[in-house]
Amino acid sequence: MRRWVRMCLRDPYYGLGLKLYDLLAGGRRLSLSRYVPSQEVKALVPGLPPTLGGILYQDGQFADYRLNLALILSALSRGAVALNYAEATGFLVREGRVKGAVVKDRLTGKEVEVWAQAVVNATGPQADRVRGLLDPELPPLLTPSSGAHLVLDYPLQVGLLLPKTRDGRVLFLLPWQGKALLGTTDLPAEATACPLPREEEVAYLLEEIRPYLGDLSSRVLAAWAGLRPLVGKGETKRLVRDHLIVEEKGLYTLTGGKWTTFRLMALDLVERLARDLGLSLPPSESHRTPLLGAGPRPPLPLPEGVAEHLYTHYGTLAPEVAALGDRPLLPGLPYLEGEVVWAVREELAQKPLDVLARRLGLALLDRKRAEEALPRVVELMAPLLGWDDGRKQALLLEARRALPALC
């Protein structure tokens with residue numbers, strides 16, 4: 001997680017709220033919020049029109065694709081088994097209770113039966129679809145919501161929080177890997193596997209930022225959308241982000257919640273399973289168990305921008321990644337060819353977009369540069385995964401078609 005300063009343009013309600021937050025956070029806060037006069041606002045964000053001032057506070061940020069991967073790899077290092085491109089196509093039921101699942105390898109088409117003492121459905125926005133494999137008549141738990149984001153070629157020293165929009169929402173514009181991240185929307189959506197940002201969402205974001213920084217439409221480098229698994233029914237922006245555990249015929253569904261509560265969600269689920277299965281577990285150590293790659297930064301004799309990129313993506317593993325190839329993947333960018341090799345050998349990558357979107361994150365940052373990198377990524381992956389020329393060409397074409405939806 002990195003610390004970033006955010007600024008909320010002057011609003012007495014937000015000022016009061018942030019001071020209350022400072023008080024409640026106590027010693028765990030990153031820093032105290034403070035009022036900044038209009039001159040300082042202008043210096044921090046030169047493109048802003050004249051303001052009455054703002055409120056400066058600190059927040060944290062992280063790359064969700066890297067944290068997700070760190071959790072998986074940490075579990076593997078402790079004896080878990082994780083499968084990529086594996087899909088549950090049905091459940092195994094004995095005496096009216098779920099005792100396993102039929103799992104399909106989406107790369108080969110092969111299906112296997114996996115029996116288990118407990119089966120958990122933790123598939124986010126897809127939770128209701130998976131529940132439907134057990135009983136199509138089960139009422140839905142979720143109202144999926146779409147959140148679109150734009151990556152802009154716009155330098156920022158601080159983030160901006162825009163507290164008032166025409167539909168009563170809050171928007172943010174944040175420093176993000178040398179660019180700016182603008183978001184987000186909140187609209188009802190279908191729980192598709194590959195959500196795309198809708199034209200009206202992109203237009204909405206650009207229109208809302210226009211009064212502050214002008215027309216930024218020519219600076220859009222990438223646009224993508226995510227789905228929130230909101231529990232309940234109603235207007236999406238009014239639904240709370242709490243998580244829910246539901247047991248149905250032996251299938252445990254964990255859904256809702258958000259990244260900031262993922263550890264608590266997992267802990268609640270494990271404790272529920274232990275209680276229902278009559279198991280005695282020791283107290284959880286997850287709150288003080290470091291993830292793979294956590295620790296002090298090791299020496300890395302590379303240019304500063306490259307070293308910073310490797311540290312933030314791989315932590316203490318950065319030297320091992322660089323040792324696999326320190327040649328740049330693309331000129332002018334910090335990504336290395338060794339990262340592609342590492343993604344295949346150590347991070348379960350099987351397809352080009354696994355690398356560009358879900359390991360390196362380049363496709364989330366700059367769509368054109370990601371497309372430029374595709375041929376070289378395919379060439380680097382081919383000998384590691386045994387692809388012949390026909391397979392390489394097929395995967396290259398598939399990746400180019402899939403790039404807009406990142407899957």
Side-chain angles (χ1 to χ4, degrees), residues 1-2 60 62-88 100-101 103 105-107 112 114-124 252 254 257 259-274 277 279-300 307-326 335-351 353-361 380-381 384-385:
M1 181 183 75
R2 300 185 68 186
F62 68 101
D64 54 357
Y65 55 93
R66 292 305 306 179
L67 178 56
N68 181 58
L69 193 61
L71 290 166
I72 294 170
L73 298 177
S74 299
L76 288 172
S77 72
R78 290 169 172 81
V81 175
L83 302 178
N84 201 4
Y85 289 95
E87 177 185 4
V103 179
D105 184 335
R106 291 174 58 194
L107 298 178
V112 295
V114 180
W115 296 89
Q117 194 171 3
V119 179
V120 174
N121 169 22
T123 55
Y252 289 82
L254 170 64
W259 268 114
T260 48
T261 60
F262 76 85
R263 195 196 69 83
L264 176 62
M265 293 169 64
L267 180 61
D268 286 351
L269 174 70
V270 170
E271 290 180 343
R272 169 71 181 272
L273 290 172
L277 297 175
L279 302 176
S280 178
L281 298 179
S284 172
E285 293 290 319
S286 63
H287 60 295
R288 49 174 170 258
T289 301
L291 297 180
L292 200 65
R297 292 185 171 191
L300 199 57
E308 178 67 19
H309 161 73
L310 293 177
Y311 286 137
T312 56
H313 275 64
Y314 306 98
T316 59
L317 302 174
E320 297 178 46
V321 178
L324 295 178
D326 60 3
Y335 306 92
L336 302 180
E337 291 189 349
E339 293 182 76
V340 181
V341 179
W342 181 267
V344 175
R345 288 185 180 176
E346 305 293 338
E347 297 181 343
L348 309 178
Q350 295 292 308
K351 291 189 175 185
L353 284 190
D354 289 343
V355 174
L356 286 171
R358 292 174 285 278
R359 305 304 188 275
L360 274 63
L380 290 166
M381 296 180 74
L384 301 170
L385 295 170

* To do: Assess whether side chain to side chain contact (heavy atoms under 4.5 Å, CB included) is satisfied between L273 and V120, documenting all intermediate values.
  => CA-CA 9 Å; L273 290 172; V120 174; 3.9 Å; yes
* Do you know the tightest heavy-atom contact between L76 and A82? -> CD2-N, 3.5 Å
* Q117 atom CD, over 12 foreign heavy atoms within 6.0 Å -> no
* Asked: Can you tell me if E339 and Y314 form a side-chain donor-acceptor pair at under 3.5 Å?
  -> yes
* Check side chain to side chain donor-acceptor pair (under 3.5 Å) between N68 and all other residues, then give those that pass, not counting sequence neighbours. => none
* For W259 against F262, the heavy-atom pair lying closest together -> O-CD2, 2.8 Å
* Can you name the side chain to side chain donor-acceptor pair (under 3.5 Å) partners of R297, sequence neighbours left out? -> E308
* **Student check: side-chain heavy atoms of D105 and L83 closer than 4.5 Å** => no
* Starting at CG of L281, measure out to CD of E271 and round the result to the nearest 0.5 Å. => 8.5 Å
* **Qualifying residues under salt bridge (Lys or Arg N to Asp or Glu O under 4.0 Å), relative to R106, sequence neighbours excluded** => none
* Asked: What residues form a side chain to side chain donor-acceptor pair (under 3.5 Å) with S286, not counting sequence neighbours?
  -> R263, S284
* Asked: Which heavy-atom pair separates A307 from L300 by the least distance, and what is that distance?
  -> CA-CD2, 3.9 Å
* Should R78 and T289 count as side-chain neighbours, where that means a heavy-atom distance under 4.5 Å? -> yes
* To do: Starting at CG of L348, measure out to CG of L73 and round the result to the nearest 0.5 Å.
  => 6.5 Å
* Asked: What pair of heavy atoms forms the shortest contact from P319 to P299, and how long is it?
  -> CG-O, 4.1 Å
* Pairing residues for Y311 by the ring pair (Phe, Tyr, Trp, His ring centres under 6.0 Å) criterion, not counting sequence neighbours -> none
* To do: Taking the side chain as every heavy atom from C-beta outward, state whether H287 and L267 have any pair of such atoms under 4.5 Å apart.
  => no
* To do: Just jot down the side chain to side chain donor-acceptor pair (under 3.5 Å) partners of R66, sequence neighbours excluded, or say none.
  => E347
* From M265 atom CE to T260 atom OG1, the distance as rounded to the nearest 0.5 Å -> 10.0 Å
* Is there side-chain contact between L317 and L292, with heavy atoms separated by less than 4.5 Å? -> yes
* Any side-chain heavy-atom pair from N84 and D354 closer than 4.5 angstrom? -> yes
* **Where A86 and V103 come nearest, the two heavy atoms and their spacing** => CB-CG1, 3.8 Å
* Structure fact -> CG of L69 to OG of S74, rounded to nearest 0.5 Å, is 9.0 Å
* Rounded to the nearest 0.5 Å, what's the gap from NE2 on H309 to CG on L336? Could you check? => 6.5 Å
* Structure fact -> All heavy atoms of T316 vs all of A294, minimum pair found to be CG2-O, 3.6 Å
* From CA spacing to verdict: side chain to side chain contact (heavy atoms under 4.5 Å, CB included), H313, V321 -> CA-CA 10 Å; H313 275 64; V321 178; over 6 Å; no
* Heavy atoms, side chains only, cut-off 4.5 Å: are R359 and W342 in contact? -> no
* So how far is it from L254 CG to R272 CZ, rounded to the nearest 0.5 Å? -> 11.0 Å
